[in-house]
Amino acid sequence: MTTFILIHGAFTGGWIWGRTARALARLGHEVCRPTLTGCGERSHLLRPEIVLAMHVEDLAQFLFHEDIDRAVLVGHGYGAMIASAVAHRHSGKVAGLVHLDGVIPGRGASFLNALGKGSTRLHARQDGSDWLVPPPPAESYGIECRELARWFSVRLQPFPRSCLASPYPYGGRDRDQPAVYLRTTGLEDPAVKAQAARAALKGMRVAELATGPLPMLTNPGRLAKVLDAAAREMPLGEGRSKADGRVSPRRECRRKDGER
């Protein structure tokens with residue numbers, strides 16, 4: 001069993017991972033899909049002060065309070081920056097990284113810097129208020145099922161511009177973690193292709209998913225199997241901290257409960 005932490009990107013929330021979470025659970029994995037401050041069901045907390053560092057702290061606090069060790073962090077788009085940052089800060093709690101059409105951050109570069117001008121799908125639109133970026137139109141994601149597209153579109157929300165413009169303050173310690181880059185195909189995005197090339201240069205294994213840009217919605221079973229296979233390649237250990245080799249109390253109790 002692997003513990004997967006599924007991290008959403010801009011304009012969405014933990015809700016986008018629901019189908020994939022259920023598919024992973026059917027494969028025997030433990031799955032969490034936290035929602036970042038100001039997003040999804042936490043949109044009532046949306047405010048101009050939200051920056052990248054707050055979202056990194058969201059995930060760091062989640063790992064601590066849920067007592068999660070040796071998790072595989074799966075980051076979609078902007079969420080890949082959160083995954084990399086947490087892997088840098090809390091390497092003992094992270095077993096590996098999976099970047100799904102994600103941005104591979106460099107120290108001092110923001111999400112927008114990393115994408116440049118070439119993105120047709122992920123680059124933030126420049127209209128909207130001074131501090132909010134409106135979501136891209138749902139049809140730009142190529143969802144063919146009309147009912148699913150409607151369900152998706154009514155859940156998209158504006159996203160704080162400051163998060164997308166915040167410089168990434170961390171170094172490259174996350175590169176010590178096993179990592180896979182998944183690039184979706186179907187709606188070719190030059191910026192995503194460039195990020196996949198950057199990942200390959202950094203030594204990550206790069207794989208293509210012919211599922212369209214939102215496989216967590218349109219092909220969750222296939223995505224779950226790919227994530228399962230990726231996790232099997234990672235030295236996850238048995239609930240142990242990379243730093244000290246201890247077993248987490250939660251998993252130790254779970255073992256004892258199973259012996260009774």
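Note that the structure is predicted; figures quoted are calculated from it, not measured.
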Practice item. Mind listing the closest non-hydrogen atom pair of S110 and M81 along with its distance? Key: C-CE, 4.3 Å
Study note, to complete from the structure: In this structure, OG1 of T184 is separated from CD of E208 (nearest 0.5 Å) by 9.5 Å
Exercise for review: Please examine the side chains of V98 and M234, heavy atoms only from C-beta on, and report whether any two atoms are closer than 4.5 Å.
Suggested key: yes
**Study point:** Parallel, tilted or perpendicular: rings of H88 and Y170 (30°, 60°)
**Key:** tilted
Under 3.5 Å, sequence neighbours excluded: what are the donor-acceptor pairs made by side chains of residues 218-228?
| from | atom 1 | to | atom 2 | distance (Å) |
| --- | --- | --- | --- | --- |
| T218 | OG1 | T211 | O | 3.4 |
| T218 | OG1 | L214 | O | 3.0 |
| N219 | OD1 | R222 | N | 3.4 |
| D228 | OD1 | H29 | NE2 | 2.6 |
| D228 | OD2 | R232 | NE | 2.9 |

Check your understanding: Between I68 and C32, what is the shortest heavy-atom contact and its length?
Key -> CD1-SG, 3.9 Å
Review point. I5, L27: one ILVMFWY side-chain cluster at the under-4.5 Å cut-off?
Key: no
Check your understanding: Is the backbone N or O of R150 less than 3.5 Å from a side-chain atom of S153, with the two atoms forming a donor-acceptor pair by type?
Key -> yes
Review point. With the 4.5 Å side-chain cut-off for hydrophobic clustering, are L46 and M54 part of the same group?
Key: yes
Review point. If you round to the nearest 0.5 Å, how far is OG1 of T35 from CD1 of I7?
Key: 11.5 Å
Review point. For G40, does its backbone N or O pair with a side-chain atom of Q157 as donor and acceptor, under 3.5 Å?
Key: yes
Point to revise | ILVMFWY network linking L115 to V51, side-chain heavy atoms under 4.5 angstrom | key: no
Study note, to complete from the structure: So CG of L36 and OG1 of T12: to nearest 0.5 Å the spacing works out to 8.5 Å
Review point. Tell me, do L6 and M216 make a side-chain contact under 4.5 Å, heavy atoms counted?
Key: no
Review point. Are the side chains of C163 and H55 in touch, meaning some heavy atoms are under 4.5 Å apart?
Key: yes
Check your understanding: Does some side-chain heavy atom of F159 sit less than 4.5 Å from a side-chain heavy atom of C39?
Key -> yes
Review point. Counting distance only, does the side-chain N/O of R198 pair as donor-acceptor with the main-chain N or O of I104 below 3.5 Å?
Key: yes
Check your understanding: So, for L156 and P136, which heavy atoms are closest and what is the spacing to 0.1 Å?
Key -> CD1-O, 3.7 Å
Review point. Heavy-atom distance under 4.5 Å between the side chains of P34 and D58, does that happen here?
Key: no
Review point. Where the side chain of Y141 meets the backbone of G212, is there a donor-acceptor pair that is under 3.5 Å apart?
Key: no
Exercise for review: Looking only at non-hydrogen atoms, find the nearest pair between Y181 and G102 and report the distance.
Suggested key: OH-O, 2.7 Å
Review point. Has the side chain of Q195 got a donor or acceptor atom that lies under 3.5 Å from a matching backbone atom of V103?
Key: no
Review point. Is I50 linked to W131 within one hydrophobic cluster, defined over Ile, Leu, Val, Met, Phe, Trp and Tyr using a side-chain heavy-atom separation of less than 4.5 Å?
Key: yes
Practice item. Answer whether the closest heavy-atom distance between the side chains of P213 and V192 falls below 4.5 Å. Key: no
Check your understanding: In Å and rounded to the nearest 0.5 Å, what is the CD1 to OH distance from I82 to Y168?
Key -> 8.5 Å
Review point. Got a sec, which residues hit side chain to side chain donor-acceptor pair (under 3.5 Å) with H8, two or more places apart in sequence or on another chain?
Key: none
**Study point:** Spacing of CD1 belonging to I16 relative to CZ belonging to F152, to within rounding of 0.5 Å
**Key:** 5.0 Å
Point to revise | Straight-line distance of Y78 OH to L112 CG, nearest 0.5 Å | key: 10.5 Å
Point to revise | Closest non-hydrogen atom pair, H99 against S84 | key: CE1-OG, 3.3 Å
Check your understanding: Between R47 and T37, what is the shortest heavy-atom contact and its length?
Key -> NH1-CG2, 4.2 Å
Check your understanding: Are any side-chain N or O atoms of K93 and backbone N or O atoms of A71, one a donor and one an acceptor, separated by less than 3.5 Å?
Key -> no
Check your understanding: Within the side chain of R183, is there an N or O that forms a donor-acceptor pair under 3.5 Å with the backbone of D101?
Key -> no
Review point. Okay, side chain of R89, backbone of A60: is any donor-acceptor separation there less than 3.5 Å?
Key: no
Review point. Do the side chain of T20 and the main chain of W17 share a donor and acceptor less than 3.5 angstrom apart?
Key: no
